[in-house]
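Each remark here refers to the structure printed beneath this line.
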Amino acid sequence: MKVIWWIRRDLRLRDHATLHAALRHGDVVPVFVRDPNLGGAISARRQSFLWEALTNLNADLRTKGSRLIFRSGTPEAVLTQLLRETGATAIFAEEDYTPYARRRDEQIAKALPLKLVQGQLVHHPMAALKADGTPYTVFTPFSKNWRALLPPTLDILPAPERMPAVPAKIKSEDIPASEPNPLFPASEAEAQKRLRRFTTETTENAENLKENSVNSMRSAVKIYQYADNRDRVDLDGTASISPYLHFGILGLRDAVHNARQAISHARDAESRKSAETWLNELIWRAFYIHILFHFPHVRDGSFRPEYDRIEWVNDPDEFSAWKAGRTGYPIVDAAMRQLRETGWVHNRARMIVASFLVKDLLIDWRWGERWFMENLLDGDLAANNGGWQWTAGVGTDAAPYFRIFNPILQSKKFDPNGDYIWRWVPELAHLDAKDIHAPWERKVNLRGYPQPIVDHKFARQRTLDAYKKVKSSA
Ligand SMILES: Cc1cc2nc3c(=O)[nH]c(=O)nc-3n(C[C@H](O)[C@H](O)[C@H](O)COP(=O)(O)OP(=O)(O)OC[C@H]3O[C@@H](n4cnc5c(N)ncnc54)[C@H](O)[C@@H]3O)c2cc1C
């Protein structure tokens with residue numbers, strides 16, 4: 001008996017409950033459908049990453065004796081056709097929680113034998129609710145409950161040893177050509193390498209950082225340095241796995257499993273706390289998926305609707321300067337240029353530029369959210385929307401609106417030597433660490449670099465007034 005494994009955002013073989021369920025049921029035919037409805041939602045950079053990941057998944061499937069069937073069209077039409085061609089009796093797919101995916105799957109399940117299996121999250125959004133059955137809207141209690149629901153160990157399923165051959169008569173289109181991404185090679189082997197490197201391997205960098213420490217070698221593993229280094233935009237102190245999580249090239253359960261292993265192997269309280277901090281970030285990812293699932297209105301507006309009445313300035317020239325990395329604030333410009341050139345930005349730098357757009361330029365956070373989605377390699381509706389709403393102070397667990405980042409202090413604190421700015425803003429390469437964070441104050445030659453487009457003190461007050469106005473009229 002044949003069954004279809006419909007691959008969507010689960011491009012992996014390891015820890016794949018859906019694939020294992022399908023294999024138990026019959027001879028699996030792996031299928032990817034190029035859905036024309038998704039074309040507009042995915043940037044060229046992410047699209048290329050996806051094609052590369054599918055090409056590599058196909059190579060992995062071939063080593064197991066199988067292969068990928070790639071077809072274009074609406075999922076319902078393609079799957080109906082494939083059921084006919086293969087004689088398959090069921091379609092197995094990993095459950096996805098975005099509003100689009102839920103609508104699509106509901107429709108398809110009415111017409112075709114679709115079996116959704118959990119695997120994208122550790123706990124289903126309907127399983128992690130408050131005692132009264134309503135969803136959490138605040139992170140800390142959500143995370144406590146999320147942890148309490150964990151079984152003692154997450155049994156990680158290995159990749160299948162072999163898979164059944166797909167009959168030659170089932171034809172596949174060619175997977176579109178992709179530009180290999182040198183910063184983020186799109187394969188499961190790479191995702192696993194990054195996870196292992198971050199959670200278990202001693203790195204030279206980490207060894208140097210801890211060389212005078214009394215701690216053991218274990219403390220030189222990056223996860224044990226995370227609490228100290230994660231906010232430094234000039235260091236490579238995070239796992240760099242978000243594009244892999246987004247496409248399910250790496251499973252969240254696997255990452256959580258590795259975090260817990262690291263917690264239990266920690267030799268000192270500081271290391272343990274650091275690994276706990278990383279686990280907490282993975283829970284943030286789950287939290288934003290949970291928020292989007294239960295409160296789909298956040299896709300289009302603020303979680304707290306009163307903030308949709310803020311009177312934004314929305315100056316198009318200032319928005320262009322922000323996008324181009326020409327605001328005159330070096331830390332903001334460094335991050336915006338890095339985003340455009342590579343599709344990648346450190347979390348702290350995302351917070352700094354997001355805060356600058358919303359709180360210093362008083363531009364609608366949704367403009368920034370859209371620009372990020374168009375440019376980020378890890379662009380993810382739930383995480384990106386959550387990050388923007390948090391920074392704008394309009395979301396669930398919002399940072400209070402009166403807490404406004406000072407871009408100069410952020411720069412001094414999280415890029416203390418100016419290394420990150422030097423790398424991305426070459427016009428300022430002639431400046432030393434004391435001049436680089438706010439060069440206009442130091443009266444140095446700017447060599448074509450712009451003056452600040454806004455005065456932070458003025459902008460701060462303007463934002464406080466705009467937010468207060470909607471709060472007092474709520
Ligand atoms: C304005 C803004 C927009 C963002 N947009 C996205 C996005 O589109 N896609 C995306 O994956 N992340 C987004 N983030 C969250 C975060 O910046 C990235 O997940 C992180 O930088 C990825 O790097 P890493 O894999 O090295 O993370 P690590 O620090 O190693 O953390 C491990 C994993 O935890 C999760 N995580 C970490 N921080 C957060 C967070 N604040 N919110 C949710 N999950 C988190 C991610 O899946 C990450 O891969 C955004 C944050 C902000 C402030």
Side-chain angles (χ1 to χ4, degrees), residues 9 41-43 45-46 49 98 120-122 139 142-143 146 183-184 190-191 194-195 197-199 222-223 225-233 235-256 258-259 262 274-292 322 332 335-336 338-339 342-359 365-399 405 410:
R9 286 208 289 138
I42 187 161
S43 68
R45 190 178 267 137
R46 262 202 325 285
F49 183 80
T98 64
Q120 198 182 87
L121 288 171
V122 179
F139 176 73
F142 171 86
S143 71
W146 188 98
L183 294 178
F184 291 89
E190 175 69 22
R194 285 172 185 237
L195 182 61
R197 208 168 49 204
F198 184 77
T199 56
K222 267 189 173 177
I223 194 170
Q225 312 274 326
Y226 183 72
D228 291 340
N229 294 341
R230 71 196 194 106
D231 276 318
R232 285 280 298 272
V233 296
L235 300 179
D236 176 23
T238 69
S240 301
I241 54 169
S242 46
Y244 303 91
L245 286 170
H246 173 75
F247 285 109
I249 301 168
L250 176 66
L252 183 63
R253 280 169 40 93
D254 208 356
V256 169
N258 277 266
S274 186
E276 287 277 4
T277 306
W278 194 66
L279 175 59
N280 221 41
E281 294 306 315
L282 297 174
I283 305 175
W284 271 105
R285 181 175 190 87
F287 178 64
Y288 286 138
I289 294 172
H290 160 99
I291 291 294
L292 182 62
W322 179 79
V332 173
M336 294 309 293
Q338 184 189 20
L339 172 64
T342 69
W344 176 257
V345 191
H346 191 282
N347 181 59
R348 170 61 52 175
R350 294 183 201 206
M351 285 160 54
I352 294 171
V353 300
S355 174
F356 186 82
L357 183 81
V358 178
K359 304 277 175 75
W365 59 270
R366 284 167 291 202
W367 292 26
E369 183 196 21
R370 211 173 314 124
W371 182 250
F372 266 36
M373 274 315 258
E374 285 167 24
N375 285 278
L376 279 173
L377 185 65
D378 66 9
D380 180 280
L381 176 58
N384 191 42
N385 180 272
W388 276 96
Q389 297 220 19
W390 186 91
T391 315
V394 302
T396 49
D397 240 356
F405 277 8
Q410 291 283 317

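All figures in this text were calculated on a predicted structure; none of them were measured in a lab. Order of listing sets the numbers, starting from 1, for every ligand and every atom in it.
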Indicate yes or no for a side-chain donor-acceptor contact from N384 to the backbone of E369 under 3.5 Å, with no hydrogens or angles considered.
yes
Shortest protein contact, atom 22 (C) of ligand 1 (heavy atom only)
S242 OG, 3.2 Å
To the nearest 0.1 Å, how far is atom 12 (N) of ligand 1 from its closest protein heavy atom, and which atom is that?
A383 CB, 3.5 Å
Establish, from distance only, whether the side-chain atoms of Q410 and R348 form a donor-acceptor pair under 3.5 Å.
yes
For ligand 1, is any non-hydrogen atom under 4.0 Å from F198's backbone (N, CA, C, O), its side chain (CB onward), both, or neither?
neither
With heavy atoms of S240 as the reference, note each atom of ligand 1 found under 4.0 Å away.
24 (P), 25 (O), 26 (O)
T199 side chain to A259 backbone, donor-acceptor under 3.5 Å
no
Of all the heavy-atom pairs spanning V358 and A392, show the shortest one and how long it is.
CG1-CB, 3.9 Å
Is there a nitrogen or oxygen of D378 sitting under 3.5 Å from a nitrogen or oxygen of ligand 1?
yes
Before signing off on this row, confirm whether Y226 and ligand 1 have an N or O atom pair separated by under 3.5 Å.
yes
Could you say whether the N/O atoms of T391 and ligand 1 ever approach to under 3.5 Å?
no
Short side-chain to backbone donor-acceptor contact, S43 and N375, under 3.5 Å:
no
Can G386 be said to touch ligand 1, with heavy atoms closer than 4.0 Å?
no
D380-H246 side chain donor-acceptor pair, cut-off 3.5 Å
yes
Is the shortest heavy-atom distance from the side chain of L357 to the side chain of W371 under 4.5 Å?
no
Atom 5 (N) of ligand 1: closest protein heavy atom, distance to 0.1 Å, is N384 OD1, 3.1 Å
Distance to the ring centre below 6.0 angstrom and angle to the axis at most 45 degrees; does that hold for R46 and W344?
no
Among all the protein's non-hydrogen atoms, which is closest to atom 33 (C) of ligand 1, and how far away is it?
L282 CD2, 3.6 Å
Does ligand 1 have any atom that is closer than 4.0 Å to a heavy atom of M351?
yes
May I ask you to identify, for L245, whether its side chain, its backbone, both or neither come under 4.0 Å of ligand 1 on a heavy-atom basis?
side chain
Look at atom 42 (N) of ligand 1 and say which protein heavy atom is nearest, naming residue and atom and giving the distance to 0.1 Å.
Y288 CE1, 3.6 Å
Within ligand 1, which atoms have a heavy atom of G379 less than 4.0 Å away?
8 (O)
Decide yes or no for F49 and Y244: does some side-chain heavy atom of the first lie under 4.5 Å from some side-chain heavy atom of the second?
yes
Mind telling me whether H290 and F142 have parallel, tilted or perpendicular rings, with 30° and 60° as the class edges?
tilted
Where on W344 is there a heavy atom closer than 4.0 Å to ligand 1, on the side chain, on the backbone, on both, or on neither?
side chain
Short side-chain to backbone donor-acceptor contact, K359 and A354, under 3.5 Å
no
Nearest neighbour of atom 16 (C) of ligand 1 from the list N347, D380, N385, on a heavy-atom basis:
N347
Just distances here: any N/O of A239 and N/O of ligand 1 closer than 3.5 Å?
yes
Which of these, W390, F287, W146, Y288, sits in a ring pair (Phe, Tyr, Trp, His ring centres under 6.0 Å) with F139?
F287
Within less than 4.0 angstrom of ligand 1, does F287 place any heavy atom?
no
Closest non-hydrogen protein atom to atom 6 (C) of ligand 1, residue and atom name please, with distance?
R350 NH1, 3.2 Å
Atom 35 (C) of ligand 1: the protein heavy-atom neighbour that sits closest, reported with distance to 0.1 Å
E281 O, 3.4 Å
Backbone N/O of S240 and side chain of R194: donor-acceptor pair under 3.5 Å
yes
Please confirm whether W390 approaches ligand 1 to less than 4.0 Å, judged on its heavy atoms.
no
R230 with E281: basic N within carboxylate O range, under 4.0 Å:
yes
Side chain, backbone, both or neither: which part of I241 has a heavy atom under 4.0 Å from ligand 1?
both
Decide whether an N or O pair under 3.5 Å exists between T238 and ligand 1.
yes
Atom 32 (C) of ligand 1 - nearest protein heavy atom and its distance:
W278 NE1, 3.3 Å
